[in-house]
Amino acid sequence: MSQGVPFTDLTAMTREIRPAVDRAWSDLLDSSRFVGGRAVEEFEHAWASYCGVAEAIGVANGTDALQLTLMALGIGAGDEVIVPANTFIASAEAVVLAGAVPRFADVSPDTLLLTPADLEAAITARTAAVIVVHLYGQMPDMEALQDAADRAGIVLIEDAAQAHGAAWRGRRAGSMGRAGCFSFYPAKNLGAFGDAGAVVTADTKLADQIRSLRDHGRTASSRYEHELVGTNSRLDALQAFVLTAKLSRLDAWTEARRSIAARYRAAFGDGPARLVVEQPGSLGAYHLAVAMVPDRDRVQQQLTAAGIETHIHYPVPCHRQDPYRHFATGPLPVAERTAGEVLSLPMFPHMSDDQVALVCETMRDALGTREPCLG
Ligand SMILES: Cc1ncc(COP(=O)(O)O)c(C=O)c1O
């Protein structure tokens with residue numbers, strides 16, 4: 001039995017792609033094309049095709065992906081954008097940075113994701129868009145959410161920052177809304193060697209706008225003509241090489257994550273601790289393995305004492321965070337209650353059988369439901 005279990009471990013992933021990255025790095029030093037260029041175009045092409053959409057635009061990070069999408073859609077001052085209260089803060093932050101107002105919605109007690117009913121309850125006359133977040137790598141019922149968005153005449157944007165390779169009824173995360181926004185922060189399922197992000201979309205005009213916005217609002221035809229007030233959110237060539245190399249491994253890594261999640265679920269995930277529900281139709285990418293755990297803080301302490309690193313995603317819902325409190329329009333009971341119950345367990349593709357077994361056994365001990373972990 002190995003001693004202790006880290007929350008994640010990127011070194012084995014790096015090892016797998018290191019020869020390809022070493023070669024690419026050497027070519028890059030020879031070419032000196034450090035930002036944008038062919039490496040970025042090749043990754044964009046590969047990522048668009050993986051997601052099943054026409055266009056991918058590499059940007060500097062996932063927050064920019066969301067902000068530039070909102071800006072390109074003309075969403076800003078006077079508009080409200082619905083955001084689930086249970087998400088990483090960047091989903092809401094991008095709305096504020098775009099000049100719009102986040103309107104927080106509650107989430108399902110089973111999936112901790114936005115539902116059509118939660119979406120409908122948050123719609124007002126000012127709503128311009130909804131950001132559906134595929135939190136933890138799980139996708140909600142996308143057809144039902146799209147129907148609700150269509151009925152209200154609002155745009156659906158996917159925040160797929162945690163959901164590379166996840167799917168809903170065979171369609172990949174990012175490909176179902178007007179645009180899908182990704183982060184490639186190093187710890188993500190597809191992670192760069194620094195910050196990176198992308199937007200994917202079937203809408204060529206939207207893609208062109210985002211391409212211009214990421215590069216100081218430049219026109220496609222001239223380096224010194226600017227059609228928009230943009231920003232600098234370009235993708236580095238090195239990150240593009242790393243992402244292209246890792247992309248060939250992504251499905252295998254997702255499979256490994258899914259089988260770890262299945263072992264967790266079989267060992268302790270159906271009560272009294274419950275792993276967040278993966279709905280029929282959803283193929284989860286398990287960026288995080290999140291359980292709702294009674295007496296969470298005690299269980300977390302017991303895991304820590306056994307050398308198992310855990311985290312909480314997220315201990316404070318967005319509408320209770322200081323800079324966002326004034327956007328809150330009332331209590332959101334599910335998000336508020338589950339913030340005190342969620343516990344993220346170790347999850348990374350190269351977790352050993354012994355490491356998974358240690359988490360299973362320690363969880364069962366902590367929950368008082370001891371039985372051997374399935375192998
Ligand atoms: C759900 C979600 N949205 C947006 C982001 C923002 O991505 P980045 O950190 O690359 O700006 C993240 C990343 O942490 C995220 O998890």
Side-chain angles (χ1 to χ4, degrees), residues 28 31-48 51 53-81 83 89-102 126-131 154-161 174-175 177-185 192 194-241 243-244:
L28 192 61
S31 77
S32 292
R33 185 73 204 258
F34 295 116
V35 177
R38 228 183 62 210
V40 169
E41 279 163 25
E42 278 172 13
F43 171 67
E44 289 175 336
H45 193 72
W47 187 238
C51 293
V53 288
E55 306 268 1
I57 309 101
V59 294
N61 54 65
T63 312
D64 282 5
L66 288 163
Q67 186 191 341
L68 297 188
T69 297
L70 291 165
M71 287 168 68
L73 288 165
I75 295 169
D79 295 322
E80 286 181 1
V81 178
V83 179
I89 202 72
S91 315
E93 186 180 41
V95 174
V96 179
L97 292 173
V101 167
R126 289 173 175 261
T127 309
V130 55
I131 296 180
I154 63 172
V155 177
L156 188 155
I157 298 164
E158 292 175 72
D159 180 344
S175 69
R178 184 76 175 278
C181 300
F182 290 91
S183 164
F184 303 119
Y185 179 75
D195 280 306
V199 181
V200 297
T201 181
D203 180 338
T204 310
K205 210 166 139 241
L206 181 65
D208 287 344
Q209 290 271 107
I210 296 169
R211 267 188 204 104
S212 173
L213 285 170
R214 76 171 168 184
D215 193 16
H216 302 295
R218 280 196 171 104
T219 60
S221 54
S222 163
R223 197 168 165 69
Y224 297 105
E225 257 176 61
H226 305 269
E227 57 188 353
L228 299 164
V229 177
T231 185
N232 173 3
S233 185
R234 296 175 296 230
L235 181 62
D236 289 345
L238 170 64
Q239 307 309 347
F241 278 130
L243 294 167
T244 301

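Just so you know, these numbers use all the heavy atoms, side chains as well, and skip hydrogens, waters and symmetry mates.
The minimum heavy-atom distance between S91 and D159, with the atom names listed, is OG-OD2, 2.8 Å. Considering every non-hydrogen atom in both A94 and L66, the closest pair reads CB-CB, 3.5 Å. Among all heavy-atom pairs drawn from V83 and P102, the shortest one is CG2-CB, 4.4 Å. Contact record, A196 with L243: CB-CD1, 4.2 Å, taken as the closest heavy-atom pair. The heavy-atom pair separating L68 from L213 by the smallest distance is O-CD1, 3.6 Å. Between A39 and A240, the shortest heavy-atom distance links the atoms O-CB, 3.4 Å.
Scored by the side chain to side chain contact (heavy atoms under 4.5 Å, CB included) test, A100 finds I75, D79, V81, V95 as partners (sequence neighbours excluded). In this structure S221 satisfies the side chain to side chain contact (heavy atoms under 4.5 Å, CB included) test together with T219, sequence neighbours excluded. In this structure N232 satisfies the side chain to side chain contact (heavy atoms under 4.5 Å, CB included) test together with H216, R234, sequence neighbours excluded. Residues passing the side chain to side chain contact (heavy atoms under 4.5 Å, CB included) test with V53 are A48, C51, S175, V200, sequence neighbours excluded. Take Q67 and apply the side-chain hydrogen bond (donor to acceptor under 3.5 Å, both in side chains) test, not counting sequence neighbours, and it matches no residue.
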Let's go through E41 and R33 carefully: what are the C-alpha distance in whole Å and the side-chain angles of both, what is the deciding distance for salt bridge (charged side-chain N to carboxylate O under 4.0 Å, His left out) to 0.1 Å, and is it a yes or a no? CA-CA 12 Å; E41 279 163 25; R33 185 73 204 258; over 6 Å; no
Check the pair L28 / F34 against side chain to side chain contact (heavy atoms under 4.5 Å, CB included), numbers first and verdict last. CA-CA 7 Å; L28 192 61; F34 295 116; 3.9 Å; yes
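Using a 4.5 Å cut-off on side-chain heavy atoms (C-beta onward), L70 and L97 make no contact. The side-chain heavy atoms of T201 and T69, taken from C-beta on, include no pair separated by under 4.5 Å.
Proximity of a side-chain donor or acceptor of S212 to a complementary backbone N or O of R218 within less than 3.5 Å is detected. Between the side chain of E158 and the backbone N or O of G174 there is at least one donor-acceptor pair closer than 3.5 Å.
We find the CD1-CD1 distance between I210 and I57 to be 4.5 Å, quoted to the nearest 0.5 Å. From E55, atom CD reaches atom CG of L206 across 9.0 Å, with rounding to the nearest 0.5 Å. Atom-to-atom distance recorded for W47:CH2 and F184:CZ is 5.0 Å, nearest 0.5 angstrom. Between R178 atom CZ and D203 atom CG the span is 5.0 Å, to the nearest 0.5 Å.
Surrounding NE2 of H226 are more than 12 heavy atoms belonging to other residues, nucleotides or ligands, all under 6.0 Å away.
A salt bridge between R211 and D208 is present, with a side-chain N of the basic residue lying under 4.0 Å from a carboxylate O of the acidic one.
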Validation: residues 58-65 side-chain donor-acceptor distances under 3.5 Å, sequence neighbours left out:
unit_1, atom_1, unit_2, atom_2, d
N61, OD1, T63, N, 3.1
N61, OD1, D64, N, 2.7
D64, OD2, S233, OG, 2.6

